[in-house]
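Residue numbers count from 1 along this sequence. Remember, it's 1-based here, ligands and their atoms both numbered in the order they're listed. Just so you know, these numbers use all the heavy atoms, side chains as well, and skip hydrogens, waters and symmetry mates.
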Amino acid sequence: MRLQDECAIITGAGRGIGRACALRAAAEGAHVVVADLDLAAAKRVAEEVRALGRQAVPLRVDVTRAAEVQAMVEQTVHALGRVDVLVNNAGVIGPGPSETLSEAEWDRVVAVDLKGVFLCSQAAGRQMIAQRRGKIVSIASIAAWAGFPMRASYNASKAGVVALTQVLACEWAKYGIRVNAVGPGYVNTDIVKQGLELGVVTLADIERRTPLGRLAEPDEIARAVVFLASDEASYITGQTLFVDGGWTAYGLW
Ligand SMILES: NC(=O)c1ccc[n+]([C@@H]2O[C@H](COP(=O)([O-])OP(=O)(O)OC[C@H]3O[C@@H](n4cnc5c(N)ncnc54)[C@H](O)[C@@H]3O)[C@@H](O)[C@H]2O)c1
């Protein structure tokens with residue numbers, strides 16, 4: 001088991017990719033703090049983690065609020081003794097044309113997708129520095145690599161996550177902390193399903209633009225997250241691993 005008895009905090013773990021990370025981490029032996037804005041969803045996933053024989057602590061946390069994030073880390077240490085792994089997964093999208101994007105809407109997306117990653121990394125990082133050990137994996141996106149029209153706040157935040165990953169990796173290597181990111185392509189989650197239903201994008205478009213010709217399943221992203229959090233990645237830090245079916249490698253349209 002690659003995360004045997006390690007203690008992992010996963011934000012936005014109530015559904016989608018975060019839930020898949022919680023279940024995959026538990027299957028690899030980790031105890032999991034299931035953190036989400038939606039406490040009912042966090043409790044449901046915590047039950048699924050317990051069914052795998054691991055400890056689970058569901059918490060309602062807004063990653064944009066420093067005091068709540070600090071409390072999340074303190075509650076984790078109180079319940080599980082330490083923080084070995086942080087997965088910064090909570091994220092939102094806020095589509096709209098840049099020329100009319102409101103300041104409030106820009107702030108809302110950047111607060112979750114970039115500031116939230118910093119606040120959680122900082123709070124967990126302080127604990128990991130004290131432990132002289134820790135692994136942080138943040139969920140970026142192919143939107144950090146290429147421009148998606150109507151996604152200014154999201155793309156800029158995800159590119160910020162890639163840069164922040166490099167900075168924290170360099171600062172905290174001396175404390176035995178590795179910091180990496182995973183950049184998913186299109187994943188079979190509620191966000192993508194909504195986009196398909198609204199006609200923002202079609203499944204045929206995604207399949208044509210993706211060399212592997214399909215959406216990712218959430219567990220395919222979670223498996224890369226667990227790899228980066230495990231000792232199998234012991235010499236990898238500051239990297240963003242794109243898990244995108246070849247999307248960023250593709251040179252045509
Ligand atoms: N789905 C995709 O195709 C895709 C592709 C690339 C990157 N991503 C990224 O992966 C991550 C997860 O995406 P998903 O598709 O599973 O999303 P999702 O919307 O299904 O789940 C996101 C979860 O985050 C929680 N959340 C939102 N704001 C929060 C906050 N302020 N504090 C705490 N929790 C909060 C939500 O309650 C929800 O449970 C996001 O960072 C997203 O940007 C997704």
Side-chain angles (χ1 to χ4, degrees), residues 9-24 33-46 48 58-72 86-95 107-121 123 137-146 148 151 153-162 164-165 181-197 200-201 203 205-207 209-210 214-222 224-225 240-245 247-248:
I9 297 175
I10 301 172
T11 69
R15 65 176 195 226
I17 294 169
R19 170 178 169 271
C21 290
L23 298 182
R24 177 54 59 182
V33 170
V34 183
D36 205 291
L37 259 186
D38 182 345
L39 181 60
K43 284 182 172 168
R44 285 195 294 274
V45 174
E48 294 183 275
L59 290 181
R60 190 214 168 267
V61 179
D62 182 344
V63 297
T64 70
R65 299 191 177 271
E68 293 187 23
V69 167
Q70 183 59 35
M72 170 181 77
L86 167 68
V87 180
N88 286 307
N89 166 80
V92 294
I93 50 171
D107 286 348
R108 183 183 73 84
V109 174
V110 176
V112 181
D113 293 359
L114 182 54
K115 180 179 141 181
V117 173
F118 177 71
L119 291 178
C120 292
S121 300
V137 183
S138 302
I139 307 299
S141 168
I142 53 173
W145 187 88
F148 284 64
R151 300 280 192 285
S153 54
Y154 184 77
N155 275 45
S157 298
K158 293 299 186 182
V161 168
V162 172
L164 182 59
T165 297
V182 167
Y186 288 92
V187 188
N188 188 12
T189 66
D190 291 348
I191 287 183
V192 171
K193 281 181 207 149
Q194 278 167 21
L196 293 172
E197 280 162 19
V200 178
V201 65
L203 196 55
D205 289 339
I206 296 171
E207 288 170 354
R209 179 62 183 76
T210 306
R214 62 176 176 83
L215 296 174
E217 290 304 319
D219 185 56
E220 293 182 288
I221 309 305
V225 170
T240 297
L241 175 60
F242 287 101
V243 182
D244 63 359
W247 196 95
T248 51

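Those atoms of ligand 1 with a heavy atom of Ile139 less than 4.0 angstrom away are 9 (C), 10 (O), 11 (C). The atoms of ligand 1 that sit less than 4.0 Å from any heavy atom of Tyr186 are 3 (O). Heavy-atom contacts of Ser141 reach the following atoms of ligand 1: 6 (C), 7 (C) (cutoff under 4.0 Å). Each of the atoms 16 (O) of ligand 1 lies under 4.0 Å from some heavy atom of Gly16. Taking every non-hydrogen atom of Ile191 and a distance limit under 4.0 Å, the qualifying atoms of ligand 1 come out as 15 (O), 17 (O), 19 (O). Interface atoms of ligand 1 facing Val61, defined by a heavy-atom separation under 4.0 Å, are 32 (N), 33 (C). Those atoms of ligand 1 with a heavy atom of Val187 less than 4.0 angstrom away are 1 (N), 2 (C), 3 (O).
Side-chain contact check for Arg44 versus Arg15: every heavy-atom pair is 4.5 Å or farther apart. By the 4.5 Å heavy-atom criterion applied to side chains, Tyr186 and Ile142 are counted as neighbours. Between Val34 and Ile10, every side-chain heavy-atom pair lies at or beyond the 4.5 Å cut-off.
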Self-check item: Candidate pair Ser141 and Tyr154, rule side-chain contact (heavy atoms from CB on, under 4.5 Å), full reasoning
Solution: CA-CA 9 Å; Ser141 168; Tyr154 184 77; 3.8 Å; yes

Quiz item: Does the pair Ile17 and Val225 meet the rule for a side-chain contact (heavy atoms from CB on, under 4.5 Å), with working shown?
Solution: CA-CA 10 Å; Ile17 294 169; Val225 170; 5.8 Å; no

Practice problem: In sequence, state the C-alpha distance, the side-chain angles, and the governing distance for Leu39 and Lys43, and then conclude on side-chain contact (heavy atoms from CB on, under 4.5 Å). | Solution: CA-CA 6 Å; Leu39 181 60; Lys43 284 182 172 168; 4.0 Å; yes

Exercise. Evaluate the side-chain contact (heavy atoms from CB on, under 4.5 Å) criterion for residues Phe242 and Trp145: first the C-alpha distance (whole Å), next the side-chain angles of each, then the deciding distance (0.1 Å), finally the verdict.
Key: CA-CA 9 Å; Phe242 287 101; Trp145 187 88; 3.7 Å; yes

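Protein heavy atom at the shortest distance from atom 22 (C) of ligand 1 is Gly91 O, 4.0 Å. Nearest non-hydrogen protein atom to atom 7 (C) of ligand 1 is Ala140 O, 3.3 Å. Asn89 O, 3.2 Å is the protein heavy atom nearest to atom 40 (C) of ligand 1. Of all protein heavy atoms, the one closest to atom 5 (C) of ligand 1 is Gly185 O, 3.0 Å. Ranking protein heavy atoms by distance to atom 20 (O) of ligand 1, first place goes to Arg15 NE, 2.9 Å. Distance from atom 35 (C) of ligand 1 to its nearest protein heavy atom, with residue and atom name: Ala90 CB, 3.7 Å. Atom 42 (C) of ligand 1 has Tyr154 OH, 3.7 Å as its closest protein atom, hydrogens excluded (heavy atom only). When only non-hydrogen protein atoms are considered, atom 24 (O) of ligand 1 lies nearest to Gly12 CA, 3.4 Å.
At a 4.0 Å heavy-atom cut-off, ligand 1 touches Val192 through the side chain alone. Using a 4.0 Å cut-off between heavy atoms, Asp62 contacts ligand 1 through both its backbone and its side chain. Contact annotation: for Ala41 versus ligand 1, there are no heavy atoms closer than 4.0 Å.
At least one N or O atom of Asp36, backbone or side chain, sits closer than 3.5 Å to an N or O atom of ligand 1. For a threshold of 3.5 Å applied to N or O pairs, the pair formed by Val63 and ligand 1 contains at least one separation below that value. Some N or O of Ile17 is nearer than 3.5 Å to an N or O of ligand 1, by distance alone. Considering backbone and side-chain atoms alike, Lys158 places an N or O below 3.5 Å from some N or O of ligand 1.
Atom CZ of Arg108 has more than 12 neighbouring heavy atoms from other residues, nucleotides or ligands inside a 6.0 Å radius.
In this structure, Ala111 falls outside the shell of residues with a heavy atom less than 4.0 angstrom from ligand 1.
The line from SG of Cys120 to NZ of Lys115 is 11.0 Å long, rounded to the nearest 0.5 Å.
For Val45 against Ala13, the heavy-atom pair with the smallest separation is CG2-O, 3.4 Å. Residues Ala90 and Thr11 approach most closely at N-OG1, 3.0 Å, considering heavy atoms. Minimum interatomic distance between Pro184 and Val187 (heavy atoms only, all atoms of both residues): CB-CG2, 3.8 Å. Nearest heavy atoms, Leu114 versus Ser157: CD1-O, 3.8 Å. The two residues Leu196 and Leu203 come nearest to each other via the heavy atoms CD2-N, 3.4 Å.
Of the options Val87, Val34, Ile93, Thr189, the smallest heavy-atom separation from atom 14 (P) of ligand 1 is shown by Thr189. For atom 28 (N) of ligand 1, the candidate residues are Val182, Leu37, Ile221; the nearest heavy-atom contact is made by Leu37.
A donor-acceptor contact shorter than 3.5 Å links the side chain of Lys158 to the backbone of Ile139.
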